Amino acid sequence: MIPELLQSQKDYFKTGETKNINFRKKLLKKLREELVNQENAIIEALAKDFNKPAFESVLTETSVVLSDLDLMIKNIKKWSKPKRVIPALLNFPSTDKLYSEPYGQTLIIAPWNYPYQLAIAPMVAAIAAGNTVILKPSELTPNTSTLLKNIIDKVFKPEHVSVVEGGVDVSTKLLEQRWDYIFFTGSVNVGKIVAKAAANYLTPVTLELGGKNPCIIDETANIKLTAKRIVWGKFINAGQTCIAPDYILIQKNKKEEFYIAIQNEIENAYSKNPENSEDFCRIINTKNFERLKNMLVNQKCIVGGITNAKNNYIAPTVIDEPSIDSEVMQDEIFGPILPVISYKDENEIESIISNYNKPLSLYVFTNNSTKAKNIIEKYSFGGGCINDTVVHFANHRLPFGGVGNSGIGAYHGKLSFDTFSHKKAIVKKGNWLDLPVRYAPYNGKLKTIKKFLKWI
Ligand code: NAD
């Protein structure tokens with residue numbers, strides 16, 4: 001079924017319909033209308049899948065997609081137009097232009113943690129850029145996945161955009177095909193599988209992956225505000241956020257004050273018993289619940305540490321000084337557990353951070369701007385914030401993506417459109433002048449060309 005569907009998309013792409021800007025706009029508007037109509041159903045599906053609060057679903061899923069759609073609809077025409085660039089004098093006389101061309105057949109593989117937004121947002125960009133799309137949502141959020149399929153089936157012809165549901169087996173079959181672009185969001189390990197599959201056909205890829213994101217607090221930081229912003233960024237989606245702060249590095253003399261502040265902020269946000277809070281998500285499945293529960297063994301919990309297997313609940317938890325060899329400090333945590341490690345000086349910060357691959361994000365809380373600048377410039381990471389967490393995601397003018405192990409490529413805003421467009425470079429040569437110097441025979445022209453090259 002997959003090869004046939006892909007063939008139908010190839011045949012359809014050849015008709016050229018997806019290259020028509022008005023056609024793209026019309027369909028994106030139709031999609032927008034359907035997504036607005038279905039907003040309650042989307043919120044319900046997300047709640048069924050992992051108890052996601054309606055507030056978080058609107059803030060981090062539906063509103064993000066709608067503003068992305070608005071941006072695309074408003075700018076498709078401008079972004080698709082060939083752009084004139086300054087010509088090289090070497091080519092004089094010429095007019096030079098960049099054409100944005102759709103790649104063709106694109107595959108988007110999405111994760112479960114923001115199962116709506118991380119599926120639809122790249123899909124919208126792929127459509128805006130004139131591609132066909134096959135979208136594979138995560139099998140771990142079946143309610144959202146089925147709803148996505150119903151919505152897409154209603155708005156698009158299958159030969160233009162299709163949702164193929166399923167797990168690893170389906171994903172593997174999809175990856176065996178020849179694509180013109182693959183956009184993958186998920187774990188580092190699966191990212192490597194995707195990169196290998198793409199290499200078979202030299203298919204370009206975007207890999208939006210994860211990492212162990214440090215959050216550094218120094219003695220000049222406003223501890224109360226720092227704790228509040230960390231609690232929000234860490235425990236939203238129950239810590240199942242690729243850019244959530246993974247672990248805290250705090251200057252030793254501020255640790256106790258931070259513990260008091262973070263305990264207060266967790267209680268303010270989720271009450272004394274977060275299990276009863278309507279604002280706190282559950283862990284996606286038993287496998288991840290068990291993985292996270294194991295991280296708590298033999299740890300000193302300053303806050304939380306409570307779990308309930310019946311509903312995959314793990315309390316917002318703060319761990320004091322885990323050893324660097326402990327389970328919780330091995331890989332990305334991806335759950336509501338926050339280890340805190342204190343440091344004396346910047347060498348100690350470095351000795352911890354250097355244990356890990358380049359993370360997707362890094363946060364630094366300080367009132368010392370030189371220190372902030374030094375840290376931002378010293379470490380390599382995807383993106384981040386000074387004195388906040390996670391919010392860099394919200395600016396569509398900033399690229400969103402990792403570096404090294406945390407990913408390849410970036411998107412958001414215009415960059416999403418560009419991600420799904422091949423930039424074709426065209427020089428249109430004028431015929432009214434044809435400088436003879438470049439043509440063979442070269443005999444006697446070396447001096448002239450050297451002078452000319454120096455001059456331009
Ligand atoms: P995952 O890698 O397990 O799954 C992602 C997708 O890949 C799913 O659709 C899944 O069906 C498919 N898949 C899983 N195993 C596969 C295999 N062996 N072969 C082919 N396809 C396979 O990731 P996840 O658990 O859904 O998401 C969590 C991870 O994603 C975390 O590491 C997180 O940091 C990362 N993430 C990154 C971003 C980002 O924007 N950088 C956003 C969200 C999540």
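Because the structure is a prediction, the values reported are computed rather than measured. Read the numbers this way: they start at 1 and go in the same order the structure lists the ligands and their atoms.
- Among the candidates Thr185, Leu118, Thr141, the single residue satisfying the side chain to side chain contact (heavy atoms under 4.5 Å, CB included) test with Asn113 is Leu118.
- Ile230 is listed as a side-chain neighbour of Phe365, based on a closest heavy-atom distance under 4.5 Å.
- Close N/O approach between Leu360 and ligand 1 is not found [any backbone or side-chain N/O within under 3.5 Å].
- With ligand atoms numbered from 1 in the order given, ligand 1 contributes 6 (C), 7 (O), 9 (O) to contacts under 4.0 Å with heavy atoms of Ile109.
- For an aromatic pair to be called close, the ring centres must be under 6.0 Å apart, and Tyr363 with Trp232 fails this.
- Between Thr185 and ligand 1, no N or O atom pair is found at a separation short of 3.5 Å.
- Using a 30° and 60° split on the angle between ring planes, Phe417 and Trp79 fall in the tilted class, from 30° to 60°.
- Under a 4.0 angstrom heavy-atom cut-off, Tyr114 registers as lying outside contact with ligand 1.
- Of the protein's non-hydrogen atoms, the one nearest atom 40 (O) of ligand 1 is Phe400 CE2, 3.3 Å.
- For the residue pair Asn150 / Asp153, no side-chain donor-acceptor distance below 3.5 Å is found, with atom types taken as modelled.
- Between Glu265 and Lys234 no salt bridge is recorded (no basic side-chain N to carboxylate O distance below 4.0 Å).
- A donor-acceptor pair is defined here as one N or O able to donate and one able to accept, closer than 3.5 Å; such a pair exists between the side chain of Asn213 and the backbone of Ala244.
- Two residues are said to be in side-chain contact when any heavy atoms from C-beta on lie closer than 4.5 Å; Pro399 and Tyr411 fail this criterion.
- Given atom 21 (N) of ligand 1, the protein heavy atom at minimum distance is Ser171 OG, 2.7 Å.
- With a 4.0 Å cut-off on non-hydrogen atoms, Leu140 does not touch ligand 1 at all.
- Backbone and side-chain nitrogen or oxygen atoms of Leu209 are examined, and one is located within less than 3.5 angstrom of a nitrogen or oxygen of ligand 1.
- Against a heavy-atom cut-off of under 4.0 Å, Phe334 is close to the following atoms of ligand 1: 28 (C), 31 (C), 33 (C), 34 (O).
- Ligand 1 lies nowhere less than 4.0 angstrom from a heavy atom belonging to Gly402.
- From the protein, the heavy atom lying nearest to atom 35 (C) of ligand 1 is Gly186 O, 3.1 Å.
- Atoms of ligand 1 lying under 4.0 Å from at least one heavy atom of Gly210, given by number and element, are 34 (O).
- Under a 4.0 Å criterion applied to the non-hydrogen atoms of Pro111, ligand 1 contributes the atoms 26 (O), 27 (O), 43 (C).
- In terms of polar-atom proximity, Glu332 is counted as a contact of ligand 1, with an N or O under 3.5 Å from an N or O of the ligand.
- Ligand 1 places these atoms under 4.0 Å from at least one heavy atom of Glu139: 10 (C), 11 (O).
- At least one N or O atom of Ala110, backbone or side chain, sits closer than 3.5 Å to an N or O atom of ligand 1.
- Numbered from 1 in the order shown, with element, the atoms of ligand 1 that lie under 4.0 Å from a heavy atom of Leu118 read 42 (C), 43 (C).
- For atom 7 (O) of ligand 1, the nearest non-hydrogen atom of the protein is Phe184 CE1, 3.4 Å.
- Of the protein's non-hydrogen atoms, the one nearest atom 17 (C) of ligand 1 is Val168 CG1, 3.5 Å.
- Taking every heavy atom of Ser187 and a limit of under 4.0 angstrom, the matching atoms of ligand 1 come to 1 (P), 2 (O), 3 (O), 23 (O), 29 (C), 30 (O), 32 (O).
- Atom 38 (C) of ligand 1 has its nearest heavy-atom neighbour, among Cys242, Gly382, Pro359, in Cys242.
- Of the N and O atoms on the side chains of Gln7 and Asp11, at least one donor lies less than 3.5 Å from an acceptor on the other residue.
- Just one residue in the list Val303, Ile302, Ile250, Ile223 forms a side chain to side chain contact (heavy atoms under 4.5 Å, CB included) with Tyr259, and that residue is Ile302.
- Considering backbone and side-chain atoms together, Asn113 places no N or O closer than 3.5 Å to any N or O of ligand 1.
- Atom 4 (O) of ligand 1 is never approached by the protein to below 4.0 angstrom, counting heavy atoms only.
- Remark: the Glu321 side chain and the Ser342 side chain contain an N/O donor-acceptor pair separated by less than 3.5 Å.
- No donor-acceptor distance shorter than 3.5 angstrom exists from the side chain of Glu159 to the backbone of Leu5, with no hydrogens or angles considered.
- Note on Glu165 versus Lys149: no salt bridge recorded, every NZ/NE/NH1/NH2 to OD/OE distance being 4.0 Å or above.
- Of the protein's heavy atoms, Val190 CG1, 3.5 Å lies nearest to atom 16 (C) of ligand 1.
- The Trp112 neighbourhood of ligand 1 comprises atoms 24 (P), 25 (O), 26 (O), 27 (O), with distances under 4.0 Å to a heavy atom of that residue.
- Under the 4.0 Å criterion applied to side-chain N and carboxylate O atoms, Arg32 and Asp70 are assigned as salt-bridge partners.
- Side-chain contact of Thr144 with Asp49: a donor-acceptor pair under 3.5 Å is present, judged by distance alone.
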